[in-house]
Protein chains: 2
Amino acid sequence: MNIGAAAEVTGVPAKTIRYYESIGLIPPATRAENGYRHYTGIDIDTLKFIQRARRLGFSVKDVGGLLALWQDQDRTSASVKALALKHISDVEQRIHELDSIRRTLIDLTDRCHGNDRPHCPILEEFAQGSDKGPKD
Amino acid sequence: MNIGAAAEVTGVPAKTIRYYESIGLIPPATRAENGYRHYTGIDIDTLKFIQRARRLGFSVKDVGGLLALWQDQDRTSASVKALALKHISDVEQRIHELDSIRRTLIDLTDRCHGNDRPHCPILEEFAQGSDKGPKD
DNA sequence: TATATGGTTCCAGTGACTGGAAGGTCAAGG
DNA sequence: CCTTGACCTTCCAGTCACTGGAACCATATA
């Protein structure tokens with residue numbers, strides 16, 4: 001399989017596959033005589049693994065750790081779970097922040113008439129509002 | 001006020017103030033005779049405005065738009081509200097994505113024993129799981 | 001005078017790609 | 001045989017919003 005076909009079956013763009021290789025997330029692909037990268041079974045599985053982990057928001061660095069664990073027969077499920085739990089906690093933290101922002105914005109827009117006149121509580125809040133962050 | 005003092009009262013780091021100037025988000029600061037940047041009332045208010053808008057997740061580009069609206073006496077509150085509503089919708093979209101990710105991860109970790117043995121449903125899912133994204 | 005603490009500029013790095021230029025390779029059609 | 005188009009290659013630059021650091025200048029104090 002050339003890189004284009006690999007991209008198609010894994011959902012990882014060709015450019016991104018080359019990028020992953022360049023940063024060492026995946027080993028250098030074997031090359032055909034013409035210099036084209038060549039992908040087979042395990043390469044494809046690895047790219048799919050990466051794609052699924054990335055879609056769940058793991059950083060590329062964490063995906064590297066997950067890949068190492070995946071390939072390590074002596075791993076403990078506890079080590080994998082720890083990584084996942086840490087990630088869940090990060091995701092939840094981010095959700096809380098966004099929800100807090102959301103509530104503040106909704107409060108502000110509710111108070112803005114959204115008409116032809118210049119008066120706007122949103123701008124007023126930005127101009128004179130408290131220095132505290134969004135309400136938690 | 002020198003840049004350090006301005007940074008302290010606005011909460012925007014000195015480096016970031018210089019950066020905002022370099023990208024044109026704020027006009028070039030006036031300079032003292034020694035070349036130091038000098039900030040007064042309106043500059044400080046502007047930086048505080050920027051800081052509050054940024055904390056609510058507006059992009060620097062959007063903050064530029066908000067600043068322009070703020071300084072435009074003929075603005076309509078509708079134009080401000082439109083920007084805010086668009087941002088709320090983006091935030092909500094991101095929250096949904098993260099929540100979907102969160103639920104998938106929790107499902108996975110619940111099924112992982114997290115013990116000394118290698119068997120782990122999390123890795124199995126990444127290795128053989130569906131190519132669909134996190135469950136919505 | 002030495003030091004500490006400001007300020008200045010400019011360059012480089014972050015994360016995770018993505019776009020684009022310039023060029024090599026290959027299969028099919030005229 | 002030549003061209004066209006679709007693929008592949010490398011490398012450089014840009015994205016976003018900063019942040020770190022080097023090298024240097026200015027000011028106040030012990």
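Quick caveat, the model's predicted, so the values are computed rather than measured. Per chain, numbering begins at 1; letters A, B, ... match sequence-line order.
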Any chance the side chains of Q93(A) and E97(A) put a donor and an acceptor closer than 3.5 Å?
yes
Might you confirm whether atom CD of E8(B) has over 12 heavy atoms from other residues, nucleotides or ligands at distances under 6.0 Å?
no
Results of ring pair (Phe, Tyr, Trp, His ring centres under 6.0 Å) for Y36(A) - residues two or more places apart only
none
Report the distance from atom CD1 of I3(B) to atom P of dT9(C), rounded to the nearest whole Å.
9 Å
From NZ of K61(A) over to C1' of dG15(C), roughly how many Å is that when rounded to an integer?
12 Å
Going by side-chain contact (heavy atoms from CB on, under 4.5 Å), name the residues that satisfy it together with L83(B), two or more places apart in sequence or in a different chain.
D62(B), L66(B), L69(B)
For E92(B), which residues count as a side-chain contact (heavy atoms from CB on, under 4.5 Å) partner, sequence neighbours excluded?
R102(A), I106(A), I88(B)
Close residues, residues 33-41 of chain B, relative to DNA chain C [heavy-atom separation under 4.0 Å]:
G35(B), Y36(B), R37(B)
Taking 5' to 3' order, which nucleotide of DNA chain D is first and which is last to have an atom within less than 4.0 Å of a heavy atom in chain A?
dC7(D) to dT10(D)
Which distance, rounded to the nearest 0.5 Å, do you find between the [atom1] of [X] and the [atom2] of [Y]?
X       : Y      : atom1 : atom2 : answer
L47(A)  : R52(A) : CG    : CZ    : 11.0 Å
F126(A) : L67(B) : CZ    : CG    : 10.0 Å
R54(B)  : F49(B) : CZ    : CZ    : 13.0 Å
I101(B) : F58(A) : CD1   : CZ    : 9.5 Å
T30(B)  : D43(B) : OG1   : CG    : 6.5 Å

Between R54(B) and A5(A), who's closer to the 5' end of DNA chain D by nearest nucleotide?
A5(A)
Sorted by position of nearest nucleotide on DNA chain D, 5' first, the leading residue of N2(A) and K15(B) is N2(A)
Qualifying residues under salt bridge (charged side-chain N to carboxylate O under 4.0 Å, His left out), relative to R117(B), sequence neighbours excluded:
none
I'd like to check the salt bridge (charged side-chain N to carboxylate O under 4.0 Å, His left out) partners of R37(B); sequence neighbours left out, ordered by chain and number.
E21(B)
The helix from dT1(C)-dA30(D) to dG30(C)-dC1(D): angle between terminal helix axes, five bp per end, to the nearest 10 degrees, reads 30°
Intermediate values then yes/no, side chain to side chain donor-acceptor pair (under 3.5 Å), T76(B) and D116(A):
CA-CA 5 Å; T76(B) 63; D116(A) 287 352; 5.7 Å; no
Among residues at least two apart in sequence or on other chains, which ones pass side-chain hydrogen bond (donor to acceptor under 3.5 Å, both in side chains) with D90(A)?
K86(A)
Can you list every pair that meets side-chain hydrogen bond (donor to acceptor under 3.5 Å, both in side chains) and has a residue in residues 65-74 of chain A, with sequence neighbours left out?
none
Give me, pair by pair, the N or O atoms of the protein and of nucleotides 12-14 of chain C that are less than 3.5 Å apart, along with how far apart they are.
none

Does anything in residues 16-31 of chain B reach DNA chain D, meaning a heavy atom under 4.0 Å, and if so which residues?
T16(B), Y19(B), Y20(B)
